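Predicted, not measured: the structure shown is a model, and the values here were computed from it. The sequence lines fix the lettering, A, B, ..., with proteins before strands; numbering per chain opens at 1. Excluded from the calculations below are hydrogen atoms, water molecules and symmetry mates; all remaining heavy atoms, backbone and side chain alike, are included.
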Number of protein chains: 2
Amino acid sequence: MSLAQIRYFVAVAEERNVGRAARRLHVAQPPISRQIRSLEEELGSPLFRRTPRGMDLLPAGEVFLEHARGILVAVEVATDATRRAGS
Amino acid sequence: MSLAQIRYFVAVAEERNVGRAARRLHVAQPPISRQIRSLEEELGSPLFRRTPRGMDLLPAGEVFLEHARGILVAVEVATDATRRAGS
DNA sequence: CGCGTCCAATACCCTTTCGATCTGAGCCGG
DNA sequence: CCGGCTCAGATCGAAAGGGTATTGGACGCG
């Protein structure tokens, strides 16, 4: 699992759409699709239901989403605090 | 910043020694050194003082260490909770 | 009914990143 | 001094990651 995967996941969960998430993150669509799939494999359970109109969060996805947001915030807080301590 | 870098950092901080951290993580020593350096550059401040006998945590490093441990725990918790929700 | 549209997934290539090995430089103890 | 630590640097091969182009499925509209 990588922080990029977590960021991709949060964007897709919020946009409910891989293409929009990709544009928001300034990356192409296929990398996002692949990373989401890889994340699901690593976690051992699907996070989204694929529909012709986008991606619907599954229960496991909702659980992961809450934690994922916390992780990203924690990384940002750690970065800021360390920069502040270092200068 | 990657989760691997955070794991490397925590190991080095705890061992106060790059070589021991490398053995503990089952990777070679130079990759650890490089990732630590890259992390310091990204954070904008040194985290360790290099000595002929090992690595001493600087104040910025101590700050980052506390946050880093929390991030790794959060990743583990997120993983477990999601696995549990998915099965 | 097609046909155009919108979606995610796949195939393929290329660049970048990452780790392993080997080597070097600095310091300390015997 | 010399032998054994330490971390850092150079080089190489493998793996990962992103981009473009394309496919395939589902819907809606004429």
Side-chain angles (χ1 to χ4, degrees), chain A residues 1-62 64-65 68 71-72 75 79 86, chain B residues 1-62 64-65 68 71-72 75 79 86:
Chain A
M1 185 177 330
S2 70
L3 293 175
Q5 280 177 323
I6 298 176
R7 290 193 190 98
Y8 292 177
F9 166 80
V10 171
V12 171
E14 289 178 355
E15 300 286 348
R16 302 190 161 271
N17 179 307
V18 175
R20 276 198 300 273
R23 284 190 290 277
R24 173 171 140 188
L25 296 170
H26 304 103
V27 293
Q29 170 252 320
I32 307 269
S33 280
R34 269 184 286 130
Q35 293 297 326
I36 296 287
R37 254 196 196 293
S38 155
L39 180 62
E40 289 175 320
E41 284 175 20
E42 179 174 353
L43 291 173
S45 55
L47 302 172
F48 294 99
R49 191 166 53 90
R50 274 80 171 165
T51 82
R53 298 236 292 294
M55 309 276 276
D56 286 356
L57 260 187
L58 293 175
E62 303 202 24
F64 188 70
L65 178 58
I71 291 167
L72 296 183
V75 169
T79 301
Chain B
M1 184 177 331
S2 70
L3 292 175
Q5 281 175 322
I6 297 176
R7 291 193 190 97
Y8 292 177
F9 166 80
V10 171
V12 170
E14 289 177 355
E15 301 286 347
R16 302 191 162 271
N17 180 308
V18 175
R20 276 199 300 274
R23 284 191 290 276
R24 172 172 140 187
L25 296 169
H26 304 102
V27 292
Q29 170 252 319
I32 307 267
S33 281
R34 261 188 293 125
Q35 293 297 328
I36 296 288
R37 242 183 212 300
S38 156
L39 181 61
E40 289 175 320
E41 284 175 19
E42 180 174 351
L43 290 173
S45 55
L47 302 172
F48 294 99
R49 192 164 51 91
R50 274 81 172 166
T51 82
R53 298 237 292 294
M55 308 278 275
D56 287 355
L57 260 188
L58 294 174
E62 303 203 23
F64 188 70
L65 178 57
I71 292 168
L72 296 182
V75 168
T79 300

How many Å lie between [atom1] on [X] and [atom2] on [N], as a whole number?
X        : N       : atom1 : atom2 : result
Arg49(A) : dA26(D) : CZ    : P     : 13 Å
Met55(A) : dA8(C)  : CE    : P     : 6 Å
Arg23(A) : dC6(C)  : CZ    : P     : 10 Å
Leu25(A) : dG19(D) : CG    : C1'   : 15 Å
Arg53(A) : dC7(C)  : CZ    : C1'   : 11 Å
Glu15(A) : dA8(C)  : CD    : P     : 11 Å
Arg20(B) : dC5(D)  : CZ    : P     : 12 Å
Met1(A)  : dG17(D) : CE    : P     : 13 Å

Name the residue from Leu25(A), Ile71(A), Leu72(A) that meets the side-chain contact (heavy atoms from CB on, under 4.5 Å) definition with Val10(A).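 Of the listed options, the one satisfying the test is Leu72(A).
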Less than 4.5 Å apart, side chain to side chain, heavy atoms only: is that true for Leu39(B) and Tyr8(B)?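 Answer no - side chains too far apart.
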Has the side chain of Glu15(B) got a donor or acceptor atom that lies under 3.5 Å from a matching backbone atom of Ala21(B)?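 Such a contact is absent between Glu15(B) side chain and Ala21(B) backbone.
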Taking Gly19(B)'s backbone N and O only, do any of them form a donor-acceptor pair with Gln29(B)'s side chain (distance below 3.5 Å, no angle check)?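 No; judged by distance alone, with no hydrogens or angles, the pair does not exist.
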Among residues 5-13 of chain B, which residues get a heavy atom nearer than 4.0 Å to DNA chain D?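 Under 4.0 Å from DNA chain D: no residue of residues 5-13 of chain B.
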Of all of residues 29-43 of chain A, which get a heavy atom below 4.0 angstrom from DNA chain D, listed by number?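 Output list: Pro30(A), Pro31(A), Arg34(A), Gln35(A).
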To the closest 0.5 Å, what do you measure between [atom1] ([X]) and [atom2] ([Y])?
X        : Y        : atom1 : atom2 : answer
Glu42(A) : Thr79(B) : CD    : OG1   : 6.5 Å
Gln5(B)  : Ser2(B)  : CD    : OG    : 4.0 Å
Arg50(A) : Ile36(A) : CZ    : CD1   : 7.5 Å

Think Arg50(A) has a side-chain N or O under 4.0 angstrom from the OP1 or OP2 of dA9(C)?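 For dA9(C), OP1/OP2 do have a side-chain N/O of Arg50(A) under 4.0 Å.
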Looking at dC7(D), dA8(C), dG19(D), which one has an atom nearest to any side-chain atom of Asn17(A)?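 Closest nucleotide to the Asn17(A) side chain: dA8(C).
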Parallel, tilted or perpendicular for Phe9(B) and Phe48(B), by the 30°/60° rule?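 Phe9(B) vs Phe48(B) ring planes: tilted.
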Ion pair present between Glu14(A) and Arg24(A), side-chain N to carboxylate O less than 4.0 angstrom?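 Counted as a salt bridge, because a side-chain N and a carboxylate O are separated by less than 4.0 Å.
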